[in-house]
Amino acid sequence: GGSCFDPASMFCLHLCKFLDGVRRMDDFVACLHDKDKGRCYRAYAGISYDRVPCEADFTNFKKRIGKEKFDEIFHVLVEIVKELGLITGKILSYDGTLFPTYARYRGCNYATKGCSCIPLKDDFLRKLRYRVHDFLNHPEKITLGKERRFFTLCPRDDLPSFAKKKPSFIALSFCFLQREENQEQSELAYILSVEKELAAKGLYLKTTSSCISKVDLTKHEPFLYVRCPRMPSDLEAKIGYRRSNHNPNKKVRVFGFQAMMITDIEMEIGLELPVGCATSSADKLDGSYFISERRKFIREHELLPHLDIGDCGFDIKDNFQYARRTGSIPIIDYNRRGEKIDEEALRARGYNEKGTPFAPCGILCRSNGYDERKKRVSYVCRKQCLVSPPFVPHPIPECKHLARECGHSTHMSIKVHLRLVYEVPRSSDTWKKIRNLRLSLRENK
């Protein structure tokens, strides 16, 4: 074989490629072979100029090590940063990002390895032969050059519920042409044993398209296998959707993978450092890895977060329950999931889209503290009708709550509204400041 390289050297080169933002491995390898540009990389990794790894070496190294070992090394680096006092783990931010694969999407989001060798029915060749014989017996049906197609159904039985019927694809197509002098018949004609009939009619049977990937000749009649044309070369990549950078109301399709990153935020020193990462196919929810990655971070580094910040992709009940069970406050955007937020619907349910209840006069209440024992947020109207009468939608002349010190009072329970109500009310400035911590640090940088 070729030259042997120390795994530590290979990992060091991988790290240098990532830190310097080199996207393509062939560009990085070309830089390593350059006597001047690659000198620093070769010095860091401890390799000589006459023994430089190629692209295949990096590919084999990644396959041999596996993602589990890469993840283990990553957490060793995080532990080193922790020992240096750069991370405390008190504030964690979670975010998922989609990135495309190099393979082209061909139309199927559920392809597996079995789609490369799909067995056709036993009577496929018999029906095909019968159709060709029917054309030869009725020449008036033949239109030279017109394509004739044979379809087959997708073999998968675990298709999603929204697929009303199994998709089909063209397994084989053919057409009839005028046979030229001394022209040999096609392979399809010999398989169907119709070469003599075609020659007698002066016709040539041309295969216009074929998905046949394998022919089994061990049986009494040839048995065919086909490869689905919608099968992409990268079977692990799937279709995911994200908002367009140019139009937030429009979704963009991405065929590839999703990375869920955990970032530690240190406000005192204004620093953000990645402390966890989970990669999956793009069709997976980034919030589904919240619990496993957070549990791994706590186990590996013995740090307990106080705040967990995430977007609406992490708005899952189990995430809230797990975070609160470990003593943390989840600050996660609310995912409406199709619920109505027009004024009439909000009035009917008694609270707005941020979980703030309405007073009997129709004005929004204000928070009045959090009850730790009962796990609920208190709200009062604070007699806003006396301070700002024009802003009260439906004033009550003789309101019975005016006799109280803070006016009308009510509560919003976290147990009842698990995803909407927080220990820190969504409508408060404190919630906004916590939610925007990551954005603030990036702007300051």
Side-chain angles (χ1 to χ4, degrees), residues 26 55-56 59 100-157 159 163-237 239 255:
D26 54 352
E55 296 177 44
T59 302
T101 180
Y102 289 108
R104 184 166 64 90
Y105 179 63
R106 296 181 178 274
C108 182
N109 205 33
Y110 311 99
T112 60
K113 291 183 178 180
C115 297
S116 62
C117 197
I118 304 172
L120 295 176
K121 293 183 178 180
D122 295 336
D123 59 348
F124 179 82
L125 282 180
R126 181 176 59 82
K127 290 182 177 180
L128 181 59
R129 187 182 297 110
Y130 173 81
R131 189 171 181 182
V132 173
H133 275 294
D134 182 64
F135 279 115
L136 294 176
N137 294 331
H138 302 84
E140 67 276 5
K141 295 182 179 180
I142 298 177
T143 303
L144 296 179
K146 184 177 180 180
E147 188 179 51
R148 309 290 178 173
R149 299 173 179 177
F150 264 76
F151 293 83
T152 185
L153 291 175
C154 175
R156 294 195 58 176
D157 296 324
L159 294 175
K164 297 181 180 180
K165 61 179 182 179
K166 284 189 175 183
S168 61
F169 62 91
I170 300 174
L172 183 71
S173 63
F174 65 90
C175 68
F176 291 98
L177 298 176
Q178 192 70 36
R179 181 171 178 265
E180 298 178 1
E181 188 177 357
N182 298 326
Q183 183 182 13
E184 293 186 2
Q185 291 292 343
S186 62
E187 295 179 357
L188 179 61
Y190 285 102
I191 293 177
L192 299 177
S193 302
V194 293
E195 64 274 10
K196 294 181 180 180
E197 292 86 343
L198 288 169
K201 300 286 185 180
L203 297 174
Y204 176 78
L205 187 64
K206 179 183 178 181
T207 305
T208 55
S209 67
S210 172
C211 295
I212 297 176
S213 59
K214 179 182 175 182
V215 180
D216 187 1
L217 300 176
T218 60
K219 298 185 178 182
H220 176 68
E221 189 173 40
F223 192 76
L224 304 181
Y225 296 83
V226 294
R227 175 188 174 89
C228 179
R230 300 189 182 98
M231 176 183 175
S233 57
D234 191 346
L235 294 177
E236 296 182 358
I239 286 288
F255 178 63

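Values below: all heavy atoms of this structure, side chains included; hydrogens, waters and symmetry mates excluded. These figures come from a predicted structure and were not determined experimentally.
- Checking side-chain atoms of Ser213 against main-chain N and O of Ser116 turns up a donor-acceptor pair under 3.5 Å.
- Put simply, CZ on Phe174 and NZ on Lys206 are 14.0 Å apart, with the number rounded to the nearest 0.5 Å.
- Contact annotation: the side chain of Tyr102 never approaches that of Asp234 to less than 4.5 Å [non-hydrogen atoms, C-beta and beyond].
- Between Phe150 and Ile170, the closest side-chain pair of non-hydrogen atoms is not below 4.5 Å.
- Here the straight-line distance linking atom CD1 of Ile212 with atom CD1 of Ile191 works out to 6.0 Å at 0.5 Å rounding.
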Checklist line | Worked verdict on Leu224 versus Leu172 for side-chain contact (heavy atoms from CB on, under 4.5 Å) | finding: CA-CA 11 Å; Leu224 304 181; Leu172 183 71; 5.9 Å; no
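- For residues 177-198, no pair satisfies side chain to side chain donor-acceptor pair (under 3.5 Å), with sequence neighbours left out.
- Rounded to the nearest 0.5 Å, atoms CE (Met231) and CD1 (Ile118) are 8.5 Å apart.
- Here the side chain of Ser173 pairs a donor or acceptor atom with the backbone of Ser209 at under 3.5 angstrom.
- Of the inter-residue distances, the one linking Tyr204 atom OH with Leu177 atom CG reads 8.0 Å to the nearest 0.5 angstrom.
- The nearest pair of heavy atoms linking Lys214 to Cys117 is CD-SG, 4.0 Å.
- Residues Leu192 and Arg129 come closest through the heavy atom pair O-NE, 3.0 Å.
- For CD of Glu236, the number of neighbouring non-hydrogen atoms (other residues, nucleotides, ligands) closer than 6.0 Å is 12 at most.
- One finds the CD1 atom of Ile239 at 5.5 Å from the CG atom of Asn109 (value rounded to the nearest 0.5 Å).
- Residues Leu235 and Thr112 fail the side-chain proximity criterion, which asks for heavy atoms closer than 4.5 Å.
- Ring planes of Phe255 and Tyr105: tilted class, angle from 30 to 60°.
- Aromatic pair Phe223/Phe124: centroids not less than 6.0 angstrom apart.
- Note: Arg227 CZ to Phe169 CZ = 10.5 Å, rounded to the nearest 0.5 Å.
- Under the 4.5 Å side-chain criterion, counting only non-hydrogen atoms from C-beta, Val194 is not in contact with Leu188.
- For Lys166, the NZ atom is densely surrounded, since the number of other residues' heavy atoms within 6.0 Å is greater than 12.
- Side-chain contact between Pro139 and Lys201 is present, with at least one heavy-atom pair separated by less than 4.5 Å.
- Contact annotation: the side chain of Phe176 approaches that of Leu198 to within less than 4.5 Å [non-hydrogen atoms, C-beta and beyond].
- For the pair Arg148 (side chain) and Cys175 (backbone), a donor-acceptor distance under 3.5 Å is absent.
- Between Asp134 and Arg131, none of the side-chain N atoms (NZ, or NE/NH1/NH2) sits under 4.0 Å from a carboxylate O, so this pair counts as no salt bridge.
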